[in-house]
Amino acid sequence: MAAPVDDMFSRCVDPAKASNCVEARFIDKVKGKGLFAKRPFKKGDTIFIEQPLVSSQFLWNALYKYRACEYCLRALETAEENARRLSGRAALSLPHPELCKVRPDRHQACPHCQVMYCSAECRQAAWEQHHRLLCIGSSHHDPDHPLNKLQDAWRSVHYPPETSSIMIMARMVATIKQAQDKERWQRLFSHFCSRTANEEEEIVHKLLGEKFQGQLSLLRNLFTTALYEDRLSQWFTPEGFRSLFSLVGTNGQGIGTSSLSQWVHACDALELPSQQREQLDALIDQLYKDIDKETGDFLNCEGSGLFLLQSSCNHSCVPNAEASFPDNNFLLHLSALSDISPGEEICISYLDGCQRERSRHSRHKILRENYLFVCSCQKCMSQMDDADMTSEEEEEEEEAEGETEGDDMEDEMTDV
């Protein structure tokens, strides 16, 4: 009989293969654990594919008509529907509709609360894991329902660009409450780091600072009213809630899905006569210009999830691996950005491409506030003597943050 697969690999699509390719091991008290290659990988290789323990679409993203499966976050709009909405061109017709993989005929709603799923399989999986507890039936439009009040309060605290969701925490609680093997699920969630501060570096997570204390107290009270469970009583105490909050904030991996993006990639792969290729490329270029004018940067269904094995990856400003979601759902593909040797640490970047090009000072500010550490990667060490200058982009962001958040959000999201 085969030995049981380690918890860390239990959500991989192929746990046995993943466990033969990588290992998670403790490094030191500063970095904690890390992920290391057990065999060589070539640039472009898929290292593993993993499903999250829990995931959720961002609340503002859902409010502004970005329709995603309530379980796997697969985009529910067809590429043409998506393009029409984002560009404001209601009569737009996209060529090659057969390249769109969205299947509206397979979509199913929860018969009680009407949230949508991409398939009967996802609806059943959600019901069995957490939705049986979180389904609010006919109260989905009732502003006084505890879960609706919790979500509204979260939106008032966390405006776009979103990085997390209170519903990740809600689904963690609901998953354990519904589970037959509650101890197993508690053990799985315990693998994630949940410290609220880095005492050695005197860093506190940006959402746990003094100016957010009143909002945190409100969120905890609403969270307790909606979801309290004796078995998880420590999560509902002030310090336990802060730890849970930090766990989701520091470990959550962003997930982006888009039927339009998937259609564009499929179009790029088409072998066409040169004239047809030029016409198709021109149509796509114009479409993105129209979208940029109408909508701006808000293109994808966006959410986040907790991935057990991927969470072992430490950060580097020069990563050798990256996470992506090519299946247009919550399945994370970790791929090599360069050749990786056996024994080499596999690092991703917690910063996006633009953020990685900022000054060392700017990069450190983002990492300190969101992930509670000071980066000592090769790039940062080579820039140690650089002046502590703030990047122009960050200065612009700080000026924008000084304006009313609600007004900014209104301008960016209108008519999306």
Side-chain angles (χ1 to χ4, degrees), residues 8 22-38 40-41 43 47-48 163-164 191-209 243 245-254 304 306-324 332 334-395 397-398:
M8 297 301 293
V22 296
E23 63 177 338
R25 64 173 188 251
F26 182 77
I27 300 174
D28 55 42
K29 290 183 179 180
V30 176
K31 295 187 74 172
K33 63 188 175 184
L35 193 69
F36 294 83
K38 293 172 68 174
F41 293 98
K43 180 180 179 180
I47 300 170
F48 61 79
T163 57
S164 190
H191 283 288
F192 296 97
C193 172
S194 60
R195 65 178 179 175
T196 60
N198 180 338
E199 291 81 4
E200 293 84 358
E201 299 289 345
E202 298 183 350
I203 305 171
V204 177
H205 194 280
K206 70 175 185 178
L207 291 179
L208 297 175
S243 293
F245 204 90
S246 182
L247 182 156
V248 171
T250 57
N251 293 279
Q253 165 66 47
S304 66
L306 295 177
F307 295 85
L308 263 179
L309 189 57
Q310 180 266 352
S311 71
S312 298
C313 292
N314 284 313
H315 164 83
S316 171
C317 296
V318 189
N320 59 8
E322 69 175 353
S324 62
L332 179 149
L334 190 74
S335 305
L337 289 174
S338 59
D339 291 353
I340 301 173
S341 302
E344 184 177 348
E345 185 176 5
I346 298 171
C347 293
I348 60 176
S349 178
Y350 300 172
L351 307 175
D352 63 34
C354 292
Q355 290 171 334
R356 290 201 298 274
E357 296 307 313
R358 296 182 180 182
S359 69
R360 177 177 179 269
H361 177 70
S362 296
R363 298 196 307 272
H364 278 207
K365 183 176 186 294
I366 297 169
L367 293 169
R368 284 168 62 94
E369 291 182 345
N370 291 278
Y371 301 102
L372 307 179
F373 71 90
V374 176
C375 184
S376 58
C377 73
Q378 183 179 3
K379 181 175 181 178
C380 287
M381 296 304 288
S382 70
Q383 297 174 341
M384 279 187 67
D385 295 331
D386 291 2
D388 284 344
M389 298 293 289
T390 303
S391 300
E392 290 181 7
E393 297 96 329
E394 187 181 62
E395 290 175 353
E397 285 184 4
E398 289 178 348

Any side-chain heavy-atom pair of Phe192 and Leu308 under 4.5 Å:
yes
Spacing of OG belonging to Ser335 relative to CD1 belonging to Ile348, to within rounding of 0.5 Å
12.0 Å
Would Asn314 and Ile27 satisfy side chain to side chain contact (heavy atoms under 4.5 Å, CB included), going step by step from the backbone distance to the final call?
CA-CA 10 Å; Asn314 284 313; Ile27 300 174; 3.5 Å; yes
Please say which of Arg363, His364, His361 ends up in a side chain to side chain donor-acceptor pair (under 3.5 Å) with Gln383.
Arg363
Contacts of Glu344 meeting side chain to side chain contact (heavy atoms under 4.5 Å, CB included) (sequence neighbours excluded), chain-then-number -> Asn320, Ile340, Ser341
Could you walk me through whether Gln355 and Ile366 pass the side chain to side chain contact (heavy atoms under 4.5 Å, CB included) test, one step at a time?
CA-CA 9 Å; Gln355 290 171 334; Ile366 297 169; 3.8 Å; yes
Separation of Cys317 SG from Arg356 CZ (nearest 0.5 Å)
8.5 Å
Kindly compute the distance separating CZ (Arg25) from CE (Met8), expressed to the nearest 0.5 Å.
13.5 Å
State the OG-CD distance between Ser362 and Glu357, to the nearest 0.5 angstrom.
12.0 Å
Are Arg358 and Leu351 close enough, and set up right, to give a side chain to side chain contact (heavy atoms under 4.5 Å, CB included), and what steps lead you there?
CA-CA 10 Å; Arg358 296 182 180 182; Leu351 307 175; over 6 Å; no
Close side-chain approach of Leu334 to Cys313, heavy-atom, < 4.5 Å
yes
Distance (rounded to the nearest 0.5 Å) between Ile346 CD1 and Phe48 CZ
7.5 Å
For a 4.5 angstrom cut-off between non-hydrogen side-chain atoms, does His315 reach Ser349?
yes
Value for OG (Ser311) from NZ (Lys33), rounded to nearest 0.5 Å, stands at 4.5 Å
